[in-house]
Every structure is written in structure tokens, then in C-alpha cells.
Amino acid sequence: MGTTNVTESAVKHTLHLFGHELHFSGWTICFTILAILIAYDQISYQIQKGTIPGPIVKIPFMGSFLDSMKPTFEKYHTKWMSGPLSCVSVFHKFVVIASEREMSRKILNSPNYVQPCVVDAGKKILKPNNWVFLDGKAHVEYRKGLNGLFTRRALANYLPAQEAVYNKYFKEFLDYSKDDYKQYMIPFRDINVAVSCRTFCGSYISDDAITEIADHYWRITAAMELVNFPIVLPFTKIWYGIKARDVVMKFFMNAAAQSRKNMEAGKPITCMMDEWIHEMIEAREYKEKGAAEGAEKPSILIRDFSDEEISLTFLSFLFASQDATSSAMTWLFQMLADNPEVLRKVREEQISIRNGDPKAPITIDLVDKMEYTRWVVKECLRLRPPVLMVPYRVKKGFPIRSDYTIPKDSMVVPTLWCALHDPEVFPEPDNFIPERWGPEGTAEKSPKSWLVFGTGPHVCLGQRYAVMHLIACIGKASIELDWKHKRTEDSDTQMIFATTFPQDMCYLKFSPFDSTKLWNELRHKKHEKPEKHEGHDLQREQSINTVASSTTESLAEGLTQTVTEA
């Protein structure tokens, strides 16, 4: 009986208020506290939301967490169409989404107010000290040390290793689908991991290591959702992502150590890691010798970066390049299969600039001549941008427009898709029209809408490399491979897996392609009208062939003007 009295006294309380006794239990206290927290959570959300579109009420505490677990393009699109600014709230994180082009550009060009956060789990997986999260002067200085990795000369050095990867994986493509259509989303991810690793690390990394990195990087990608559970718990996506990061970092650290040893010994540059360490050595030697000893001043005096900094940088490069280019490549092969007339034009250009030799090695000069192929790549990136949005953290209240200030510590997400589908800039925006990027098109006249790689101080550093890789790969594939696409009801549905992919994972079937017949056809066309080519140099002949293949109009009238414009 005494125990019961003690228990009751522990859970029942009396409050004297204005001369009255109010009796309440421990459960009453708990429910009261819960009600206060729910009210605070709701009021806080309403204050942050202000007048911009968003859920009228917030699901207590977790908000739109369930929607964020399985994001879809359709849900994102609905948000974008709800207004230039809209919002959601997930757990403690208030998220503002900007859809209008100028609004997105304003965010991307406002480093005083915002800082990249990639995704909510980005800092946990890529590490807080990764260069992509640096801000202000520190970011500018670090980025300055990376610019030399993407010069024309540097890009030319990477092409032989890239072509070796194409050769290896094209054979695997043929073998993989020799009996029937197969899903190619994963093989395209594999080839892009291999291209990235060979470009970054050259021969310092083995084929087995590349396979292991590809397997582990899937876990990193899976963890990179827009908003995750705020605590890293064992066996969750973020936990697996962190474990995978440690494995990839180990390979990059070992590669950096080997590269440093070779560059100190004066061996040739074979990869991006060599290029970077070689620049460090040049800068260090100049600082030690000085101009007084006649040492040639490097184009940029960069500091020495540690092996850990190098590996963290390439970890972020792999994240940026692998997922985005895998997405672009998947859509590119699918679109070309669905548009055989475009694929034929690509083939005609490719075999013409190679002068009939499909095995001619890819060089930077050859890539420069792939004009129509470049239009195709840019149109694919516009129509199906791999990256739909770029999350930023708000450092201080951001008065994005006169009637609304984005609260400090919230997340703001500028959208890229809407600018790339603006019908005023890109007529028939939902159609695949590569010619819009040519001299007769209007796409190049509105560079502010080209937000595939972002803009501002954090614009994608490797955009030239990414476009070159896609041009070189699809160009080579077009004259060595033939492929067919099996369409399903989900072929055009955009699945969100960090970047976008066809929901059905792209069913393709590859077979060898003999370009001899096509080359003979082109030569026959050329000899049919010798007066049109007489006295022209080879480059002019190639330009004429490109124009001839990309239009059905007669070349008999106004040929000279057409060639000049092309």
C-alpha cells in the first residue's frame, strides 16, 4: 500500500493558481510539453514560410521527410510550377526552392549570403574540410590551384587514357547485350567511373581497384539525398556512404603518393594527378630559386597540397563527374537510338573528320572539329540536365526579393531545369533539336539560360572536361557501334538517383558497326559534284560534308555562304 502511495505521488502533482488547486498527472505534463513543441514547430514553420507557396501546415517535426525519401521528378516539377519561390520543411531543416531563372542566378552569384552544401549529407560524406565547402578567399585560392588541370593542354593529355577505356568498355557493351536487350544504366556508370579514375589517377590505380571503387561509390550516391535523417545511425545510407568514402580515399591517397614520387623523379605527365603535382613542384622550385637564377616563372604559383587534400579533391571530382556524366551518357545513347536521323549525322561528321579511318586516335584537335556532335551533346544536357538543383546553406538572412528574406541556416535550392526549358529561349523546349545550337539556331544567343553547370564563383570547374568526354565517347561509339533502344512506358520517366536516369534504366542492344559503307557513300556524293569542292582544302571539304549531312536542302545554290556560316 505504501508503494502505491509513493507511485501516485510521483505521477500526480498539484498546482496552486489564484487560490485554486489544479491536479494533474505525469502524462498530462508529457502531453502538455508535446503540444507546446508541436505548436512551436508549426509557428516557426509559418514564420519562415511567410507568403511563399508551400504546405499549409507542417507534419509535426518530420515535415516532408517521407516525400524526400522517394523524390520524383513530377513532385519537383509541381513545386517549380507553384511559383518562383516555394518551400518545404524536413525535420529541423527549412528548404526554399527557387525555380525562376533570374532567381536561381541571383542565388548562385551571392557568395556573401550562401555557401554550397551539396546535399544535407554532403559534409558528412565528403568531409567538412573538402574544398567544395570552402568559402570566400579560401575557396578562391584553392580553386586557383585547380584551374591548370582543365586547360586545353591538360585536357589533351587525358585523351589517350580515356580512349583506352572506351575501347575496353565498348567490347563489353557488345558482349553484354549480344543475345537480347539489357539495361545499360549500370554499365554506363561503370564506364564513367573507369574514365574518371584513369583520367584522375592514370596507371596508379588498378582495374580491380576501379571495380571496387564503382561498387562503393554506389553507396555514396545512394546516401546523397536532398535531405536525410539528421543523425548518422549504423547501417543507414549515410553510414554506408561514409564507410565507402574511406575505401575510395585509401585508393586516392596511395595514387597521390605514387604520382608525387614519379613527378619528383621527372617522369612524364600521364594523368590529372600528375599535372597537379607537377605544377606544385614547378611553383616550389621557382620560389626556391627565384627569378634571379633565371628560372622560368610558372603560369600560376600554387602552394603544395598534401596527399589528403589531393585525395579529398579527387573524391569531390569523382562525385561531380561520375554521377552527372553517367546520367548524360545514358540519355545520350537513348536519344540517339530514338532519333536515327540525328545519329546518322553524327556518324557522317565523325567519319568525315577522320578521313575515312574509324581507328584514327582521338586528339584535342579532332574533338574541336566535332561541331554537330557538340550540338547533340549540348541539346541532350539541356533537355535532360543531369543536375536539377544545387543546394546551398544560407549564411545570413538573404533578402532574395523585396517581400521575402530567406532565414539564416535554412537551405536554398536554385533550380536549373526551368531555365533550360524556357520556351522563349528554347522554342519547343521538350523536343530534341540539336540544330538549335548551330549558327541558324537561337540557343547560343542566350548564355544566361545555359545553367547546366551552374554559374558564379562555384560554377562547375570541370565543365570543359565533361563535355569533351561526352563528345569524344559518343563520337567514337557512333562509328564503331550500332545500338537499338527498346522503349517502355518508363523510358521517358525521369528517375532521381542523385542525378536523373530513365526509370526503366535504358534497355539497349549493341552490335558492331561497319563505317566503310557510309564513308563510300560520302565519297560518292563528293565526287558527284566535283566543281563544288575544286580548290578547297581538306578542312573546307569536311565543313561541306558536315553541312551536306545536316540538311536536306539542295547545296547547288548559295553553297559558299552556307559553308561560311557553318
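- Rounded to the nearest 0.5 Å, atoms NE2 (His77) and OG1 (Thr415) are 10.5 Å apart.
- Looking only at atom types and distance, the side chain of Trp331 has a donor-acceptor partner in the side chain of Thr500 under 3.5 Å away.
- In this structure, the side chain of Arg384 does not engage the main chain of Ser327 through any donor-acceptor pair within 3.5 Å.
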Exercise. Show your reasoning for whether side chain to side chain contact (heavy atoms under 4.5 Å, CB included) applies to Gln322 and Thr221.
Key: CA-CA 10 Å; Gln322 189 268 330; Thr221 301; 4.2 Å; yes

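- Arg189 contributes atom CZ, which lies 9.5 Å from atom OG1 of Thr325 (distance to the nearest 0.5 angstrom).
- A perpendicular orientation is assigned to the rings of Phe188 and Phe510, their planes being inclined by more than 60° (bins at 30° and 60°).
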Self-check item: Test log, rule salt bridge (charged side-chain N to carboxylate O under 4.0 Å, His left out), inputs Lys359 and Glu480
Solution: CA-CA 9 Å; Lys359 299 299 181 182; Glu480 293 189 10; 3.7 Å; yes

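- A distance-only check finds a donor-acceptor pair linking the side chain of Tyr217 to the backbone of Phe319 [under 3.5 Å].
- At a cut-off of 3.5 Å, with distance as the only test, a side-chain donor of Ser449 or Arg101 sits close to an acceptor on the other residue.
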Quiz item: Does the pair Trp218 and Tyr240 meet the rule for a ring pair (Phe, Tyr, Trp, His ring centres under 6.0 Å), with working shown?
Solution: CA-CA 10 Å; Trp218 181 270; Tyr240 280 117; over 10 Å; no

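- No side-chain donor from either of Ser491 and Gln334 sits under 3.5 Å from a side-chain acceptor of the other.
- Separating the CG atom in Leu461 from the OG atom in Ser321 is a distance of 11.5 Å, to the nearest 0.5 Å.
- The environment of Glu489 atom CD is sparse: at most 12 non-hydrogen atoms of other residues, nucleotides or ligands sit within 6.0 angstrom.
- A distance-only check finds no donor-acceptor pair linking the side chain of Thr499 to the backbone of Pro386 [under 3.5 Å].
- The pair Arg487-Asp492 meets the salt-bridge criterion, since a charged nitrogen lies less than 4.0 angstrom from a carboxylate oxygen.
- Between Trp437 and the choices Trp450, Phe432, Trp375, Tyr372, the ring pair (Phe, Tyr, Trp, His ring centres under 6.0 Å) rule is met once, by Trp450.
- Between the Arg198 side chain and the Ala161 main chain, no donor and acceptor come within less than 3.5 Å of each other.
- Taking OG of Ser104 as the reference point, atom CE of Met389 lies at 10.5 Å (rounded to 0.5 Å).
- One finds the OG1 atom of Thr151 at 7.5 Å from the CD atom of Glu279 (value rounded to the nearest 0.5 Å).
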Exercise. Evaluate the side chain to side chain contact (heavy atoms under 4.5 Å, CB included) criterion for residues Met81 and Cys418: first the C-alpha distance (whole Å), next the side-chain angles of each, then the deciding distance (0.1 Å), finally the verdict.
Key: CA-CA 9 Å; Met81 296 300 104; Cys418 295; 4.1 Å; yes

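- Gln503 is linked by a side chain to side chain contact (heavy atoms under 4.5 Å, CB included) to Asp490, Thr493, Met495, counting only residues two or more places apart in sequence or in another chain.
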Exercise. For side-chain hydrogen bond (donor to acceptor under 3.5 Å, both in side chains), just list the numbers for Thr516 and Asp514, CA-CA rounded to whole Å, side-chain angles, deciding distance to a tenth of an Å, and then say yes or no.
Key: CA-CA 6 Å; Thr516 305; Asp514 184 0; 2.8 Å; yes

Quiz item: Can you list the steps and then say if Phe314 with Phe317 is a ring pair (Phe, Tyr, Trp, His ring centres under 6.0 Å)?
Solution: CA-CA 5 Å; Phe314 284 108; Phe317 281 2; 5.4 Å; yes

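- Each of Val247, Ile205, Asp207 was compared with Glu212 under the side-chain contact (heavy atoms from CB on, under 4.5 Å) criterion, and only Val247 meets it.
- Residues passing the ring pair (Phe, Tyr, Trp, His ring centres under 6.0 Å) test with Phe513: none are found, sequence neighbours excluded.
- Sequence neighbours left out, the pairs with a member in residues 163-176 that pass salt bridge (charged side-chain N to carboxylate O under 4.0 Å, His left out) are Glu163-Lys476, Lys168-Glu172, Asp175-Lys178.
- A salt bridge is absent between Asp179 and Lys509; no separation between the charged side-chain nitrogens and carboxylate oxygens falls under 4.0 Å.
- With hydrogens and angles ignored, the 3.5 Å screen pairs no side-chain donor or acceptor of Lys369 with any backbone N or O of Ile353.
- Tyr184 pairs with exactly one of Phe173, Phe501, Tyr507 by the ring pair (Phe, Tyr, Trp, His ring centres under 6.0 Å) rule, that one being Phe173.
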Exercise. Take Arg354 and Leu366 through the side chain to side chain contact (heavy atoms under 4.5 Å, CB included) test and state the conclusion after the steps.
Key: CA-CA 8 Å; Arg354 288 173 166 82; Leu366 195 68; 4.0 Å; yes

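- Within the 3.5 Å criterion, the main-chain N or O of Pro439 finds no donor-acceptor partner in the side chain of Glu444.
- For the side-chain contact (heavy atoms from CB on, under 4.5 Å) with Tyr158, the qualifying choice from Ile269, Leu149, Thr270 is Leu149, the only one to do so.
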Self-check item: Pair Asp482-Arg347, salt bridge (charged side-chain N to carboxylate O under 4.0 Å, His left out): steps then yes or no
Solution: CA-CA 10 Å; Asp482 194 19; Arg347 284 176 169 150; 3.0 Å; yes

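- At a threshold of 4.0 Å, the pair Arg382-Glu379 counts as salt-bridged, since one of the basic side-chain nitrogens sits closer than that to a carboxylate oxygen.
- Salt bridge status for Arg374 with Glu349: absent, with no side-chain N to carboxylate O gap under 4.0 Å.
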